[in-house]
Protein chains: 2
Amino acid sequence: MTGFPAPVVAAPIVAVDIAVFTVLARTLHVLLVELRHGPFAGRWALPGGRVQVDESLDAAAGRELAAQTGIPNIYLEQLYTFGSPGRDPAGHVVSVAYVALIAHGGRFPPRPGGDKYAAVAWRPVRRLPALAYDHAAVVATAAERLRAKLAYTNLAYTLLPREFTLGELQEMYEAILGRRLDRRNFRKKVLALGLLHALGRVRRGPHRPAALYAFRHRRPMVIQVL
Amino acid sequence: MTGFPAPVVAAPIVAVDIAVFTVLARTLHVLLVELRHGPFAGRWALPGGRVQVDESLDAAAGRELAAQTGIPNIYLEQLYTFGSPGRDPAGHVVSVAYVALIAHGGRFPPRPGGDKYAAVAWRPVRRLPALAYDHAAVVATAAERLRAKLAYTNLAYTLLPREFTLGELQEMYEAILGRRLDRRNFRKKVLALGLLHALGRVRRGPHRPAALYAFRHRRPMVIQVL
DNA sequence: GGAGTATGCGTAAAGAGTACGCAAACGGCT
DNA sequence: AGCCGTTTGCGTACTCTTTACGCATACTCC
């Protein structure tokens, strides 16, 4: 229910936090920032910030991400809203968490924008430092959602460059799912789905050349992949 | 990101809205309230209200539901957070939507508590009146989530009385999924999962008596049902 | 006692998932 | 040039799950 004017009395504050994922060196990484101010100064956390009046939640997440890390215009999806009163010692902050996915994280050396953060860095999800607030739980929830959606959507396209080989696609799935897949069954399944488009060219390397593929549609779709 | 003191400047307000579902007459119903005040006075909407300082979101949802409709202590799950600036003409309200499930809705004749609502009623999801705010979208999203979760969890137990027949269980699934299921395959699948406990008693009716069952565990579990 | 209907049990075919053998194509090395 | 190790690419056999459907049983109602 809604429909109340803004109060002057104390009320919970609305913020967004973003868990940006990418795959580096066959490992799932998340983007962390080092806080410069506040009760958790010096600790690592997820990028985020307050939602402004008359700003949508999606817009707030995109704006904070671009302003504070220089990462533009990537796939963003709302994850969950965390609102326990004790999650922030400075007051009651209700945080709408987002999951973001980006291809080839190495190509975007993230940089701090403004003086809000002392540093920005990709960190492997398996070996995280102690995080501020309840952000450890946020990352865990986000990684679980990512694993689940990868199995029944084509979201893989957000994590790969435009052209890739089936081997690279499989590596990415194995990195996120955390388990090995049979190479031949993976190939059969993925090709049978018709999501890919053979480019007719090959990538040459130290071994047999591999055919290059691209996603037929680079937009979110619901399809049983695994 | 969090860590800011409460402001005195304008900021979005946090509220909760709850979509309570039940199955009545083989049809999925949702609980609606008739608003007495505000820009949508006279229109139907989902029950809900402001989140108080130092109150968790789950607690706020449970409190509003109990206070305004008399429905106590049922299954509650956070659904999605709606925060478009234009969704409430009175100001920027960020609403955390919840899905709630209750068995045998007929047994809880919901009653308005306080003067906030003029009426409270179960309405079939397929034939809703024009709803206030963006609540039509909330109900649609909630129903979709319910359908999805029913297929891979044991949430069915929240929608049935403690004792039931396999026919009643199947009727409930068909009402929510909106399609017919083969009676014999449904029986095999459900019994093979081992979620049910045969009570050894039967329900007598106009036809052949049906064995009574109960859920072995009445708590949320993730299991592939359909 | 027969008709009508829901319950309870079983089998056969089709489809999806899993395990795995093997040839082809490359770079690097001798 | 020829062999080795590695990755790519294709195909087959087996298992498990899903789907379709036949049929007897047990009750009420007429």
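Just so you know, these numbers come straight off a predicted model, no measurement behind them. In what follows, chains are A, B, ... by sequence order, proteins preceding strands, each numbered from 1. Hydrogens, waters and symmetry mates play no part in the numbers below; they use all other heavy atoms, side chains included.
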*Asks:* Please state how far atom NE2 in A:H207 lies from atom C1' in C:dA23, giving the value in whole angstrom units.
*Replies:* 17 Å
*Asks:* May I ask you to verify whether the side chain of A:R208 and the base of D:dT7 hold a donor-acceptor pair under 3.5 Å?
*Replies:*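 No, no donor-acceptor pair under 3.5 Å.
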*Asks:* For B:E168 and C:dA6, what is the distance between atoms CD and P respectively, to the nearest whole Å?
*Replies:* 13 Å
*Asks:* Report the residue (B:P209 or A:A211) whose heavy-atom-nearest nucleotide on DNA chain D is the more 5′ of the two.
*Replies:* A:A211
*Asks:* So, B:Y98 side chain and B:D58 main chain: donor-acceptor pair closer than 3.5 Å or not?
*Replies:*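 Yes, the answer is positive, given that a donor and an acceptor are paired below the 3.5 Å cut-off.
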*Asks:* Give the C-alpha distance, both sets of side-chain angles, the deciding distance and a yes or no for side-chain hydrogen bond (donor to acceptor under 3.5 Å, both in side chains) between B:Y75 and B:E77.
*Replies:* CA-CA 7 Å; B:Y75 176 82; B:E77 172 187 319; 2.5 Å; yes
*Asks:* For B:P206 and B:Q224, find the nucleotide of DNA chain D closest to each by heavy atoms; which residue's nucleotide sits nearer the 5' end?
*Replies:*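 Result of the comparison: B:Q224.
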*Asks:* Should the pair A:E144-A:K149 be classified as a salt bridge under the 4.0 Å nitrogen-to-oxygen rule?
*Replies:*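 Between A:K149 and A:E144 there is no salt bridge, as every charged N stays at least 4.0 Å from the carboxylate O atoms.
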*Asks:* Figure out the OH/C1' separation between B:Y213 and C:dT7, and round it to whole Å.
*Replies:* 10 Å
*Asks:* Could you state the CZ-C1' distance from B:R183 to D:dC21, rounded to the nearest angstrom?
*Replies:*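 Value for this atom pair: 11 Å.
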*Asks:* What is the distance from CD of A:E171 to P of D:dT6, rounded to the nearest Å?
*Replies:*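 Atom-to-atom, A:E171 to D:dT6, this comes out as 16 Å.
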*Asks:* Just checking A:K188: base, sugar-phosphate only, or nothing, at a heavy-atom cut-off of under 4.0 Å?
*Replies:* base
*Asks:* With respect to B:F82, which candidate in B:V96, B:T141, B:V93, B:V94 satisfies the side chain to side chain contact (heavy atoms under 4.5 Å, CB included) definition?
*Replies:* B:T141
*Asks:* Assess whether one donor atom and one acceptor atom, taken from the side chain of A:R184 and the base of D:dG9, lie less than 3.5 Å apart.
*Replies:*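 Such a pair does not exist between side chain and base.
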*Asks:* DNA chain C: A:K189 or B:N185, which has the more 5' nearest nucleotide?
*Replies:* B:N185
*Asks:* Rounded to whole Å, please give me the gap between CG in A:D182 and C1' in D:dT12.
*Replies:*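 Those two atoms, CG and C1', are 13 Å apart.
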*Asks:* Could you state the atom-to-atom distance from CG of A:L191 to C1' of D:dG11 in whole Å?
*Replies:* 14 Å
*Asks:* Starting at atom CZ of B:F186, determine the distance to atom P of C:dT7, rounded to an integer number of angstrom.
*Replies:*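 One finds 11 Å between P of C:dT7 and CZ of B:F186, rounded.
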*Asks:* Is there a side-chain contact between B:L128 and B:L32, using heavy atoms and a 4.5 Å cut-off?
*Replies:* yes
